[in-house]
Amino acid sequence: MRIACPHCGERSLDEFLYSGDATVKRPDFAGTTAMDDFVTYTFERTNPPGPHRELWYHAAGCHAWLVVTRNVSTHAVASVELARDVALAAKSATKDSAS
Amino acid sequence: MADHILTPSSAFMDWHPPATPKLAASARETLTMASFAAARGKEQALREAISAAYGAVLPKSAGRVEAGGIAFVWAGPDQWLAITEHEGARDLEAELKEKLTGIASVVDQSDSRVVVRISGSRARSVLAKGVPIDLHPRAFAPGSVAITHASHVGIILWQVDDAPTYEAAMFRSYADSFAHWLFEAAAEYVSAQP
């Protein structure tokens, strides 16, 4: 499997570290339902076949965090985005919906 | 109490380049290096400051430019490595800190990394044995930079000229492992005849 890093171009898998599911969001540890939220966040993963969004870290390259959309059955990579851009877009979307 | 005097020593304990005209390797240990990263929102100000001070246009993506005797090497998003000879006790960290006050973080790298220069007709094929990127001239040419690894040693690799000449910067403590791998990889090009 090869991942096209937006900074470095296409690189071999051994330069990257898999860093988990990009579809879940870490719950608020101070919330009243924090215990239940963390149990769900930590253990209740659906592990679906087909396309999946994952976090990858370009450890042996530019050290960027990436959100990779990948078909876990075929390993075909559909898109690679900078996690920073994804997080900033989510932040501005939250801001827009709040105002 | 006895006085302790610290004297500089080479990063390479076992430096034995192969005797072949097809590959020349040299350690560049007399460099002054500093990394710098733009402060948030100051990327443009940083570009202007470097351009005004050295006449260099900082590469936006993996690339290397040379201006006024200093090489500016892309070292990650919004980060660069500035490299020059340590002549006349030149100190790039102090120099850049003064020029980039408030717009970039500057960190001395002179004793953190060593640079190995590799050139010769077989330089490309020797490097290709341990570097997982495409080094074909169509994909990697003078001015190209890649942050990658060579036989598991993290390196910043760039090509200097068409000889081809490459340079690899790595953390000092890995220099011996890198040299060991490089010379093993080059062994097949040592001719049997004296």
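Quantities reported herein were computed from a predicted structural model and do not represent experimental measurements. Letters go in sequence order (proteins before strands), and every chain restarts at 1.
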Side chains of T30(B) and E85(B), donor plus acceptor under 3.5 Å: yes
Is the gap between the ring centers of W80(B) and F72(B) under 6.0 Å? no
In the structure I gave you, are the side-chain heavy atoms of E29(B) and F12(B) within less than 4.5 Å of one another anywhere? yes
Side chain, backbone, both or neither: which part of H63(A) has an atom under 4.5 Å from a heavy atom of chain B? neither
Largest heavy-atom contact set with chain B, pairs under 4.5 Å, which of A59(A), A60(A), S12(A): A60(A)
Looking at CG of D36(A) and CD of E44(A), how far apart are the two atoms once the value is rounded to the nearest 0.5 Å? 9.0 Å
Top residue by heavy-atom pair count (under 4.5 Å) with chain A, among P132(B), P77(B), A146(B), A75(B)? P77(B)
